[in-house]
Amino acid sequence: MRVTTSEAGGGIAAATVTAEPAWVAPAIPDAADAGRAGRIRVMLIGGLFLLVYSVIAGRLIMLGFDDVVPRATWADPEAAIAAARPDLLDRNGEILATDIKTSSLYAEPRNIIDVDEAAFAINSVLPELSVPWLQNRLEGNRGFVWLKREITPRQQEAIHNLGIPGIGFLTENQRFYPGGPVASHLLGAVNVDNQGIAGIEMYIDRNGLAELQQYGFTGQGTSLEPVRLSIDLRVQHILRDELQNAMELYSAIAAAGVILDIHTGEVLAMSSLPDFDPNQPAQALDPDRLNRVTAGVYELGSVFKTLTLAMGLDSGLVNLNNIFDASHPLRIGGFSIGDFHGKNRPLTAEEVFIYSSNIGAGRMALVVGPQGQQEFFRRMGLMDRVPGELPERALPLMPSSRWGDLTTVTAAFGHGFSVTPFHLAVATAALMNGGILVEPTFFPRDEATALARGHRVVSEETSQEMRYLFRLNSTAGSGRRADVDGYLVGGKTGTAEKIVNGAYSGSLVLNSYLAAFPMDDPQYVVLIVLDEPKALPGGGTTAAYNAGPTVSAVIRRSAPLLGVAPRFAPFDGSTVAAFQL
Amino acid sequence: MRLLTVGRRLVYPALVAIMVGGAAVTYQTKENAVAAADRVAELRHLVERERIALSLLNAEWSVLTQPSRLQDLVDRHPEDFQLASYGIERVVRIDALPWPEPDENDVLGRLIGGVGR
């Protein structure tokens, strides 16, 4: 640039210099030598000036490309400190977690000119700060004192307008969960530095946000793209509300539930009670408030017969009409295994499921054998840490001893092998959707993506037979109390005796209901677990009396919101026959 | 020749005038640019303030419309709201609704022409 300029300028200068003699020369005709010397001098000076001017011109062009710095700077110096987090939205765009700005009021006493005036002025906006206290606080030569943390924007505006010297604000981002505890275990919580310490908040940090914060890309004023989750706030509320009702009604000590889309693996709702308010994250530390769905492992009891039946049917060694002798207890390894609702007669595989026969399930598992059972459980993901994005995920609790015939028999009806409720829900989704195990997720996903990432674990026929069994159990078996008119709920009850002081308690139970609906074209799996529910007058303690009705209530309220239309007319007693393969 | 000399005498004042004029225009432009930048900064600040206010209002709206809060309110003031849970039997697909057959003499009906069918 500069070179061109000086070249062009050089041309002009040369023209000027050559033109010079035309009028200078006659004035000094006898000094040709001096004239030549003068001309050289002029040219030198001209060249020097050209150089200087071209430097200036170049600099001007450079300045022209610079950004103009405004005279007044509006940016707050503390803005860079408080880290921003993306909003969390539910699948319909409702806010689950958001950042709100809070301002804290501070003073620099050494810069305050009139302490009394300042004290009275602040008191006029914040009456809760008394004038004597303020005077005491604002006196002296200190550099910094807090006056009040977390004032409202309106108060900040009012104090700002007072224009008191030596008074200032620090603003910071504070995480806010408008729903309070409604989705606490799912969302998790953040610490004072706005870093995720649990749940999806922690997952987001681990997946890039922490790096962004570290390198300073998340200061105030930067708006991050909101993160959409797969859960539906309305359904989440319904699930939690019904779990709360159930806990109260049946005096249970805890409750947990999850609703899963069987085709996409999306979690629509997940709740575990007692829970906590993420706005007060200290509550989350209480061990009783753990996420029972993904972080607690339980012997889930008879709901496991779902897996035993699927295992038997899928192995090809068992069909629905095979007979299993449940006329007398099954003796194995020095133990005697009996039935709760004993029929004391040989049962078909179908009857083993709907009458929930421990003996029958045990015998069926023995047909497949310990190796086959372990292989099947592994295939269904029950032997690994439960999948999903939450950081709070438990490993299954394996039998302490060798996995022999006894373990095979007890695991067949859900004892001696502990998994999380989420394990079971995910595996059941695969049994209902045609046999594809889809990794669950808390973020929106479509069916094609889910299928691409899933893999076949049981055959299409096994899946159809399992649907049939689920529906049959709701019309002819223990699941009748979970049915909802118009929605064809199918499912399996589970009543597991809890271990108290090393032995199975006769009275304390962990009840669960594993359901899917609508059974003619299953869309969702619902699993409800109630810990130590008590019998109502005239009722029992088994899952049919408490977990069943809870599932029913959840589905009745949430199914229309989940986009499942009820159907009434053609379904009656013949429905079951229609399912017969 | 004389004319040329007069021309030469005028060249310098003219150049000085152009230079001063140029400087004035440049200064003016620079002032305008700075003023515009100030305005931009001020507007950015206002936008940011509005954004903060908006997110606060969104959060507040979200608190006010929480399903649990609405349910509590309806449960607590049944006489004011007069609301009850709808039964599932009231949920139907729109194509299952029995629409009346179009009346041949109904001009308006023909205009609307089977809307919703």
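By convention in this document, chain letters (A, B, ...) are assigned in the order of the sequence lines, proteins followed by strands, and residues within each chain are numbered from 1. All values derive from a computational prediction rather than experimental measurement.
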request  = Side chain from CB out, backbone as N, CA, C, O: work out which of these in Glu60(B) comes under 4.5 Å of a heavy atom of chain A, or both, or neither.
outcome  = neither

key: Residue part contacting chain B, namely of Tyr487(A), when any heavy atom lies under 4.5 Å   = side chain

key: CD (Glu248(A)) with more than 12 external heavy atoms under 6.0 Å   = no

ask   = Is atom NE2 of His77(B) surrounded by more than 12 heavy atoms (other residues, nucleotides or ligands) closer than 6.0 Å?
value = yes

message = Once rounded to the nearest 0.5 Å, what's the spacing between atom CD1 of Ile100(A) and atom CG of Leu57(B)?
response = 11.5 Å

message = Out of Thr98(A), Val182(A), Leu233(A), return the one with the most heavy atom pairs under 4.5 angstrom to chain B.
response = Leu233(A)

query = Can you tell if the side chain of Ile95(A) reaches within under 4.5 Å of the side chain of Trp61(B), non-hydrogen atoms only?
reply = no

ask   = If you count the non-hydrogen atoms of other residues, nucleotides and ligands that lie under 6.0 Å from CZ in Phe81(B), is the total more than 12?
value = yes

task = Measure distances from Glu157(A) to the heavy atoms of chain B and classify the residue's part below 4.5 Å as side chain, backbone, both or neither.
result = side chain

query = Roughly how far, to the nearest 0.5 Å, is CG of Asp72(B) from CG of Asp241(A)?
reply = 8.0 Å

Separation of Glu48(B) CD from Lys101(A) NZ (nearest 0.5 Å) = 6.0 Å

note = Counting heavy-atom pairs under 4.5 angstrom with chain A, the leader among Ala59(B), Ala36(B), Ser55(B), Ala53(B) is Ala59(B)

key: Point-to-point distance, once rounded to the nearest 0.5 Å, from CG of Asn58(B) to CG of Asp87(A)   = 8.0 Å

ask   = Looking at Glu94(A), Arg557(A), His237(A), Arg556(A), which one has more heavy-atom pairs under 4.5 Å with chain B than the rest?
value = His237(A)

